[in-house]
Peer 1: 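Below is the structure I would like to discuss, written out as structure tokens.
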Amino acid sequence: MATKILSKTKKPTKTTTKPVARAAVKKVAAKKPAAKKAATRKPATTSRRRAPRRDRYAPTAIEARWQKRWEQDGLYRTDLNDHGRKKFYFLTMYPYPSGDLHIGHWYAMSPSDAAARYRRMKGYHVFFPMGFDAFGLPAENAAIKRGIHPYKWTMKNIANMRRQLRSMGAMFDWSKEVVTCMPDYYRWNQWFFLQFFKAGLAYKKLAPVDWCPKDQTVLAREQVIGDERLCERCETPVVKRDLEQWFFRITKYADELLDFSKMNWSERVQTLQTNWIGRSEGAEIIFRSESGEAIQCFSTRPDTLYGATFIVLAPEHPLVETLAAPERKAEVEQYVQAARRQSDIDREATDKEKSGFFIGAHATHPLTGARIPITIADYVLMGYGTGAIMGVPAHDERDWAFAKKYNLPTPVVIAPPGWDGQPLAEAYTGEGTMVNSGPFDGTPSADGKRMVAQKLEAIGAGKAAVTYRLRDWLISRQRYWGTPIPIIYCDEHGIVPVPEEDLPVILPTDARVKFNPQGQSPLLFHKKFLNTTCPICGRPARRETDTMDTFVDSSWYQYAFLNTNMKAEPFNRALADQWLPVDQYTGGIDHATMVEKAGERAKKMSKSKGNVVAPDPLVRRYGADTVRAFLMFIGPWDQGGPWDSSGIDGVRKWINRAWSLIVERPTAKGPRPAASDDQIKALRRVVHQTIQRVTDDMEAFKHNTAISALMELTTALARAKEAAAYPATVWGEATRALLLMMAPIAPHVAEELWARLGGAYSIHQQAWPAYDPQAAVEESFTLIVQVNGRVRDRVQVPMGIGEARARELALATPGAQKYLDGKAPRQVIYVKEKLINIVV
RNA sequence: GCCGAGAUGGCGGAACUGGCAGACGCGCCGGACUCAAAAUCCGGUGGGGUUAACCCCCCGUGUGGGUUCGAUUCCCUCUCUCGGCACCA
């Protein structure tokens, strides 16, 4: 649903000091005294052999301990009524309780959690709720296959997935959890339905649905697999069938959905949305048949009206039967049946030859009065526009193909630029000048569109009109495991909405529900549910037995999380005003493709190898911190990609190194030299440069590069530790900064090490480290010396060097001398604190 | 077909506003430790040429062109990959 797609991460401008920081790291490294190498290893070795097992990094124990403590202390409970700080609402896709979390969930959620934790440390009042999208077909399938009741199956899965989600160590506020299959939740689906019904936005009509002939059931779109359109469960080709269905009139809001002015959506998502809505401007043109019927045709090119030489109706068009000449009825019927039998994929194949059929009737051209034939053809779709078009072969490729096949005339009415008056070799669909168009001759086609529409309106034969590809939302499912639609059918009063005070209409969970579908909702066979009384007259009546699409649940869950009293209202207005809009949503369009990929892979693997990419074993082996950090490290988050665990060792090693940095003594025995002023400066420099890098990366949701920076900092600190003894203030600042920056990414180990350093509980309630630009500043830089754009030398110079001096130094370098070869420079380009390019 | 995103070592990926391409990690190679292996630690690692060695040189960010002192970065062409839409009138 369009409303589900929220904005992606913003891209703040970013300033990195990467090369500078790197130089600093190297510098710190270079300070490593030769003594280190020479130092005798023996004592260190023995001590390492004796001591190590006791204090090795043991993720499982640490993680369990801190998770318990956080839970006890309610560390992640958000007081929604606290107005003190700037709010930040993180929303992530709530999972379907399929039974097991897969790696795609972790991929979507860990970076979200890291971002949420980062915001919290930056002083925001963060809300990060979690829940379950608990209605849906898999529960019913499980019931059919294994005889477990959908409710039981769902609840069992939710219990397991809660445990798995907790093992991630995310800062979800479980006190606000929502489970959509609970009456307190779905009663509001029903309530919304009733409001829509009253406003005329919920209506019922006959509509074609996907139908599996073997399972005797209606399928949701996502249950129809692949281009072959096979049933998900039994791989039988799906067919179309007409059934009475409930709809929400979302098309009424199409234009509103296209207005992005108040949205902060990415280009890509806007395009998707625009595509999806498919707005077309044009005109509705009424052709009268000779029998007097009005045929409404939609066209985006009213300017080509004078070139219309035939009318095409969709085979399903309601006028087909009325208009067909008696002697052609049989054949028309045959063609219509053939078209209906085709699967969508055949019908919609663009390269297929156009087929059509003259139905033996004619219509009158509204402007010229010409007599033009009425045909039916399967390239016209009932579901779009009016289901009828005017055929303008000279200016539409499909009409061209159709006209050529059936030898219809193709008069040119839009002259292409520089047209020589000769017949065209193919359809010309571009803009041009109107010709052979009576009073409109000479009008540019762009203006003609408007003018022709006005003319039609003036004579009552049409008007300017807009159509959309977007259809109304079909919300009914002939299924058991969903929200009952709160409607009652009375013989006397027809369709009667359930009174609001009677909500919720409870989905019966007793054993009398038969799940094997008969092409109708299983609820139809549940007499106690089915039979009720009419709210108006009190006489026996029947309930609607269809249930709602699960998208209804998820279209408002961001409100439900903010609700503290689901019994009284769907959401709390004051809290909604305070907390919405959602500040960051993950799980939308981009990550959806990742989850799909992970899902596909999992499917494939389960088929071929009998195993699935499950996070649990990984967590047991590496710990949640490593798994989280690895998922964030592998690449830019929004690019996704297939799951591949090679490389996870690198992340594990990093956390290990951070562990030893804090926990272990320096390798070398005996006193280290006191750190020199230069060493202290260099250490603080790398610390503060890293703070800057990591802060920028966290802001930009670039966890991969944030982790790289932290790895570099860890290395630099480890080397510094071996090289010298730093004053407690300096060393403390450095190690604290490292841990604080690790906290969002690897929350458990950061908390543990923080505690060991004597830090106040909890690290997750500390402020994000402040960046000191003074400390980060470099004293010198490497001036690149180029001759004709190629690097020929480098020279280390002080920061803030003037151009004249830089030029002097650069020209004096051996590299420059060699390539200048005595020639005088023609031009010298100086880029401040970067390079000098000498052009000869 | 249309729209969008992308293409950088053996692999995942990095690169500010046009300024040292390949950060960080994996893998691989070499070394230390070990009876040995694992683990750990240290060093190396784009390709080619040249050298006894150090040095040094050339090529290199999908293709071809352009702008520029200088292009992974900006512009145009083409190829391929991924995603969306697709007989939408």
Side-chain angles (χ1 to χ4, degrees), chain A residues 13-19 21-22 25 36-37 41 44-45 48-49 52 56 266-276 278-280 282 297-301 304 312 347-352 354 377-381 383-392 396-399 401-402 467-469 589-590 593 596-597 630 633-636 638-642 644-651 653-654 656-657 660 667 696 702 704-712 715 718 782-791 794 815 818 826-829 831-832 834-840:
Chain A
T13 44
K14 167 195 149 168
T15 45
T16 336
T17 47
K18 219 167 232 191
R22 200 187 312 151
V25 173
K36 197 222 153 187
K37 241 183 185 166
R41 254 202 194 120
T45 318
R48 197 191 287 162
R49 199 184 288 161
R56 284 271 280 284
S266 69
E267 220 28 58
R268 191 178 130 82
V269 171
Q270 287 190 25
T271 311
L272 283 177
Q273 173 103 334
T274 307
N275 240 327
W276 179 62
R279 185 179 204 272
S280 302
C297 298
F298 178 74
S299 174
T300 53
R301 295 294 302 270
T304 64
V312 190
R347 176 94 182 253
E348 287 172 12
T350 47
D351 48 2
K352 198 190 62 168
K354 301 274 172 285
D378 61 3
Y379 78 92
V380 174
L381 309 171
Y384 184 79
T386 56
I389 62 157
M390 60 173 188
V392 185
D396 183 281
E397 277 158 25
R398 295 151 305 180
D399 297 344
F402 189 80
T467 40
Y468 303 90
R469 197 180 69 80
I589 200 85
D590 289 319
T593 61
E596 262 160 42
K597 270 183 198 163
F630 174 62
F633 180 65
I634 41 181
D638 51 5
Q639 264 174 38
D644 180 5
S645 68
S646 69
I648 194 168
D649 269 323
V651 174
K653 280 186 208 166
W654 165 55
N656 258 320
R657 282 189 295 131
S660 355
T667 313
D696 289 346
K702 286 164 72 174
N704 55 333
T705 46
I707 294 171
S708 300
L710 291 171
M711 286 172 165
E712 287 177 52
T715 305
T782 307
L783 179 73
I784 304 303
V785 181
Q786 293 186 338
V787 179
N788 290 331
R790 319 195 63 148
V791 182
R794 300 172 171 82
K818 184 173 162 197
R826 211 181 60 211
Q827 194 190 351
V828 177
I829 288 122
V831 183
K832 194 167 178 281
K834 281 229 170 73
L835 63 76
I836 250 179
N837 187 12
I838 304 157
V839 186
V840 290

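Heavy atoms only: backbone and side chains are in, while hydrogens, waters and symmetry mates are out. Since the model is a prediction, treat every value here as computed from it, not as a measurement. Quick note on labels: first sequence line is chain A, next is B, and so on, each numbered from 1.
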Peer 1: Looking only at atom C1', what distance separates U51(B) and U68(B), rounded to whole Å?
Peer 2: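 Between the two C1' atoms, the distance is 37 Å.
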
Peer 1: So what's U40(B) paired with, Watson-Crick or G-U wobble, going by both distances under 3.5 Å?
Peer 2: A32(B)

Peer 1: Taking any heavy-atom pair under 4.0 Å as a contact, classify R279(A): base, sugar-phosphate, or nothing.
Peer 2: nothing

Peer 1: If I take atom CG in residue D644(A) and atom C1' in nucleotide G27(B), what distance separates them, rounded to the nearest angstrom?
Peer 2: 11 Å

Peer 1: Starting from the 5' end of RNA chain B, give me the residue, F298(A) or G650(A), whose nearest nucleotide shows up first.
Peer 2: G650(A)

Peer 1: Give L835(A) one of three labels, base, sugar-phosphate or nothing, depending on what nucleic acid heavy atoms sit under 4.0 Å from its own.
Peer 2: base

Peer 1: Among L835(A), N837(A), I836(A), which one satisfies side chain to side chain contact (heavy atoms under 4.5 Å, CB included) with I784(A)?
Peer 2: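 Going through the options one by one, the only one that passes is L835(A).
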
Peer 1: Tell which nucleotide pairs with C26(B), taking only Watson-Crick or G-U wobble pairs whose two distances are both under 3.5 angstrom.
Peer 2: G10(B)

Peer 1: Is C56(B) paired to anything, Watson-Crick or G-U wobble with both distances less than 3.5 Å, and if yes, which nucleotide?
Peer 2: G49(B)

Peer 1: For C76(B) and A86(B), measure between their C1' atoms and round to the nearest Å.
Peer 2: 28 Å

Peer 1: Regarding N704(A), tell me which of base, sugar-phosphate or nothing describes its non-hydrogen contacts under 4.0 Å with the strands shown.
Peer 2: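 Sugar-phosphate, no base atom in range.
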
Peer 1: Can you tell me the pairing partner of A15(B) across any strand shown, Watson-Crick or G-U wobble, with both distances under 3.5 angstrom?
Peer 2: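 Per the H-bond distance test, none.
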
Peer 1: Specify the separation, in whole Å, of atom CZ of F633(A) and atom P of A23(B).
Peer 2: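 Roughly 12 Å, once rounded to whole Å.
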
Peer 1: Could you grab the distance from atom CZ of R301(A) to atom CE of M390(A), nearest 0.5 Å is fine?
Peer 2: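 Output value for this atom pair is 9.0 Å.
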
Peer 1: Which nucleotide in the list C88(B), G25(B), A15(B) gets nearest to the side chain of R657(A)?
Peer 2: G25(B)

Peer 1: With a 4.0 Å cutoff (strictly under), does any side-chain N or O of R790(A) reach OP1 or OP2 of C69(B)?
Peer 2: no

Peer 1: Of all the heavy-atom pairs spanning N704(A) and G635(A), show the shortest one and how long it is.
Peer 2: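 Closest approach of N704(A) to G635(A), heavy atoms only: ND2-C, 3.6 Å.
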
Peer 1: How many Å lie between NZ on K653(A) and C1' on C42(B), as a whole number?
Peer 2: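 The answer, rounded to whole Å, is 13 Å.
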
Peer 1: Return the value, rounded to whole Å, for the distance between atom CZ of R826(A) and atom P of U68(B).
Peer 2: 13 Å

Peer 1: Nearest to the side chain of S708(A) - G13(B), C24(B), G19(B)?
Peer 2: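 Side chain of S708(A) sits closest to C24(B).
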
Peer 1: Would you classify V839(A) as touching base, sugar-phosphate or nothing, given that sugar-phosphate means primed atoms plus P, OP1 and OP2, and contacts are heavy atoms under 4.0 Å?
Peer 2: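 Sugar-phosphate: the residue V839(A), judged by heavy atoms under 4.0 Å, touches backbone atoms but no base.
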
Peer 1: Is S280(A) near enough to A89(B) that one of its side-chain N or O atoms lies under 4.0 angstrom from OP1 or OP2?
Peer 2: yes

Peer 1: Write down the distance between CD1 (I707(A)) and C1' (A14(B)), rounded to a whole number of angstrom.
Peer 2: 14 Å

Peer 1: Under a 4.5 Å cut-off applied to non-hydrogen side-chain atoms, are F633(A) and L710(A) in contact?
Peer 2: no

Peer 1: How long is the line joining CG of N837(A) and P of G70(B), in whole Å?
Peer 2: 8 Å

Peer 1: Does C88(B) have a Watson-Crick or wobble partner in any strand here, with both distances under 3.5 angstrom, and which is it?
Peer 2: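 C88(B) is unpaired by these criteria.
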
Peer 1: Distance check, P atoms only: C59(B) and A21(B), in whole angstrom units.
Peer 2: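 Straight-line distance between the two P atoms is 12 Å.
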
Peer 1: Can G12(B) be described as syn, meaning its chi torsion is within 90° of 0, or is it anti?
Peer 2: anti

Peer 1: Please give, in whole Å, the distance from U73(B) P to K834(A) NZ?
Peer 2: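 Interatomic distance, NZ of K834(A) to P of U73(B): 17 Å.
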
Peer 1: With respect to the phosphate group of C56(B), does any side-chain polar atom (N or O) of K818(A) fall under 4.0 Å of OP1 or OP2?
Peer 2: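 Negative; the distance criterion is not met.
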
Peer 1: Among G25(B), G12(B), C88(B), which nucleotide has an atom closest to any side-chain atom of I634(A)?
Peer 2: G12(B)

Peer 1: Mind checking whether F402(A) and Y379(A) have parallel, tilted or perpendicular rings, split at 30° and 60°?
Peer 2: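 F402(A) and Y379(A): tilted rings.
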
Peer 1: Does C74(B) have a Watson-Crick or wobble mate here (both distances under 3.5 Å), and if so which one?
Peer 2: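 When the pairing criteria are applied, G66(B) turns out to be the nucleotide that pairs with C74(B).
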
Peer 1: State, to 0.1 Å, how close I707(A) and W654(A) come at their nearest heavy-atom pair, and which atoms those are.
Peer 2: CG2-CZ3, 4.0 Å

Peer 1: Go ahead and name the base partner of G4(B); Watson-Crick or wobble counts if both distances stay under 3.5 Å, otherwise write none.
Peer 2: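 Partner of G4(B): C82(B).
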
Peer 1: Select base, sugar-phosphate, or nothing to describe what E397(A) touches, counting heavy atoms under 4.0 Å on all strands.
Peer 2: nothing

Peer 1: Report the nucleotide, chosen from A14(B), A39(B), A89(B), that has the shortest atom-to-atom distance to any side-chain atom of P636(A).
Peer 2: A14(B)

Peer 1: Roughly how many Å is it from CD in E712(A) to C1' in A15(B), rounded to a whole number?
Peer 2: 12 Å

Peer 1: Between G9(B) and U72(B), how far is it from one C1' atom to the other, in whole Å?
Peer 2: 14 Å

Peer 1: When T304(A) is tested against each of V392(A), D399(A), D396(A) for side chain to side chain contact (heavy atoms under 4.5 Å, CB included), which residue passes?
Peer 2: V392(A)

Peer 1: Heavy atoms from C-beta onward define the side chain here; which of A15(B), C69(B), A89(B) lies closest to that of S299(A)?
Peer 2: A89(B)

